[in-house]
Amino acid sequence: MPQPRYKRVVLKISGEALAGDDKTGINAEVLSKITDSIIKVYEMGVEIAIVVGGGNFWRGRSGKGMDRTTADHMGMLATVINALALQDSLESKGVPTRVQTAIEMKQIAEPYIRRKAVRHLEKQRIVIFACGTGNPFFSTDTAAALRAAEIDAEVILLAKNVDGAYDSDPHINPEARKFDKLSHFEVLSKRLGVMDSTAASLCMDNNIPIILFGLDEPENIVKVITGEDIGTIIK
Ligand code: GTP
């Protein structure tokens with residue numbers, strides 16, 4: 001069995017990744033493929049914390065004409081739907097999980113408590129963080145950076161709908177050039193749209209490497225963990 005390169009990781013899954021070709025909502029087949037890959041990594045003994053986005057239902061910035069804070073709160077609720085779907089899928093396959101929310105909704109999930117999250121990881125439970133950071137104006141990428149710093153994760157695996165960082169949007173520009181390696185500073189100075197600047201600077205200040213890769217092929221999660229050179233590494 002290939003050996004994992006990391007002991008504790010934060011896996012950021014964008015909401016869009018759960019929608020697959022449907023573009024919105026949750027595609028059951030895609031969800032199941034993603035959780036199968038997560039379980040392969042889990043079975044290697046890797047401690048996995050997942051931060052999930054909500055863009056398959058709602059994005060704060062889509063609330064045109066709407067109060068931004070309200071729109072972001074709606075986005076946070078969207079992440080809870082995805083977190084519960086991931087929990088349900090993982091647990092139906094026998095893997096224990098805990099969902100923790102940055103905004104309390106105790107009837108649905110545990111509130112985010114750092115020490116409890118770490119304890120869950122030590123007890124081989126997958127922890128799923130929902131509601132982003134719990135604050136408007138922050139993305140779920142920033143939540144991934146914050147949680148990774150808090151729980152001492154070695155790396156952030158940033159699963160996106162592109163297979164790495166490009167010098168321009170590859171969905172728009174077919175000539176876009178992919179980077180294999182970047183520094184956090186380059187992500188900031190080149191204003192690359194792969195992640196927001198708050199997330200990049202938080203990772204830079206706390207020395208957290210990020211591996212950006214495409215989740216169109218769910219098996220990529222396993223490849224990244226075992227050290228295959230796919231996507232873009234930011235460190
Ligand atoms: P350990 O005590 O470390 O073994 O962790 P544990 O999660 O098994 O213990 P706990 O008694 O805290 O939780 C038991 C179950 O209740 C788990 O499924 C938790 O996710 C759930 N749970 C704990 N706190 C809350 C909460 O505030 N709200 C909700 N909805 N569930 C909770």
Side-chain angles (χ1 to χ4, degrees), residues 4 6-15 17-18 25-26 28 30-58 60 69-70 72-136 138-159 208 215 218 221 225:
Y6 308 101
K7 178 85 182 83
R8 180 177 293 169
V9 302
V10 165
L11 170 65
K12 160 73 204 297
I13 301 177
S14 68
L18 298 175
I26 296 168
V30 170
L31 173 68
S32 183
K33 276 192 188 158
I34 292 173
T35 54
D36 280 347
S37 297
I38 294 171
I39 291 170
K40 282 190 191 154
V41 170
Y42 169 82
E43 284 173 347
M44 291 176 191
V46 180
E47 294 176 359
I48 307 164
I50 301 173
V51 171
V52 65
N56 49 333
F57 291 111
W58 180 263
T69 302
T70 306
D72 279 346
H73 283 152
M74 290 166 68
M76 290 178 216
L77 295 177
T79 70
V80 180
I81 301 176
N82 288 334
L84 295 178
L86 281 166
Q87 174 168 55
D88 183 82
S89 179
L90 288 164
E91 295 207 330
S92 72
K93 296 172 188 177
V95 173
T97 67
R98 297 289 184 267
V99 174
Q100 293 197 342
T101 57
I103 292 178
E104 282 200 24
M105 42 184 89
K106 282 193 167 186
Q107 286 78 359
I108 294 177
E110 294 178 23
Y112 170 64
I113 299 168
R114 176 184 159 263
R115 292 172 70 111
K116 214 164 157 54
V118 169
R119 191 84 189 102
H120 290 322
L121 291 172
E122 288 168 353
K123 288 192 171 180
Q124 273 77 56
R125 295 166 183 148
I126 293 181
V127 180
I128 305 165
F129 294 125
C131 295
T133 68
N135 298 294
F138 288 93
S139 67
T140 45
D141 283 358
T142 303
L146 177 64
R147 296 292 180 246
E150 287 183 280
I151 66 167
D152 291 321
E154 288 158 273
V155 67
I156 298 173
L157 311 179
L158 205 56
I208 305 169
L215 202 54
I221 300 174
I225 285 283

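Order of appearance sets the numbers: ligands from 1, and atoms from 1 within every ligand. Remember, it's a predicted structure, so these values are computed and weren't measured experimentally.
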What protein heavy atom is closest to [atom], reported as residue, atom name and distance in Å?
| atom | answer |
| --- | --- |
| atom 5 (O) of ligand 1 | Arg125 NH1, 3.1 Å |
| atom 2 (O) of ligand 1 | Lys123 NZ, 4.3 Å |
| atom 28 (N) of ligand 1 | Lys106 O, 2.6 Å |
| atom 17 (C) of ligand 1 | Arg98 NE, 3.3 Å |

Counting only heavy atoms closer than 4.0 Å, does ligand 1 sit against the backbone of [X], its side chain, both, or neither?
| X | answer |
| --- | --- |
| Lys116 | side chain |
| Glu110 | both |
| Ile108 | backbone |

Has the side chain of [X] got a donor or acceptor atom that lies under 3.5 Å from a matching backbone atom of [Y]?
| X | Y | result |
| --- | --- | --- |
| Tyr112 | Ala117 | no |
| Thr79 | Val52 | no |
| Arg114 | Glu150 | yes |
| Ser89 | Ala85 | no |
| Glu154 | Arg8 | yes |
| Thr140 | Ala143 | no |
| Ser37 | Pro218 | yes |

(request) Just jot down the ligand 1 atoms closer than 4.0 angstrom to any heavy atom of Pro111, in number order. (result)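 Within the 4.0 Å cut-off of Pro111, ligand 1 contributes 27 (O).
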(request) Considering the heavy atoms of Gln107, write down every atom of ligand 1 situated less than 4.0 Å from one of them. (result)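 Here the atoms of ligand 1 in question are 30 (N).
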(message) Show the nearest heavy-atom pair for residues His73 and Pro136, with the distance to one decimal.
(response)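 Heavy atoms of His73 and Pro136 come nearest at NE2-CD, 4.3 Å.
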(message) Does the protein come close to atom 11 (O) of ligand 1 - that is, does one of its heavy atoms sit below 4.0 Å from that atom?
(response)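 It does not; no protein heavy atom is within 4.0 Å.
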(message) Under 4.0 Å from atom 14 (C) of ligand 1, is there at least one protein heavy atom?
(response)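 False for atom 14 (C) of ligand 1.
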(message) In the structure I gave you, are the side-chain heavy atoms of Phe57 and Asn82 within less than 4.5 Å of one another anywhere?
(response)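 Of all side-chain heavy-atom pairs linking Asn82 with Phe57, at least one is under 4.5 Å.
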(request) Would you check the N or O atoms of Arg119, main chain and side chain alike, for any that come under 3.5 Å of an N or O of ligand 1? (result)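 No, there is no polar N/O contact under 3.5 Å.
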(message) Any heavy atom of Glu104 closer to ligand 1 than 4.0 angstrom?
(response)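 Glu104 does not count as a contact of ligand 1 under the 4.0 Å cut-off.
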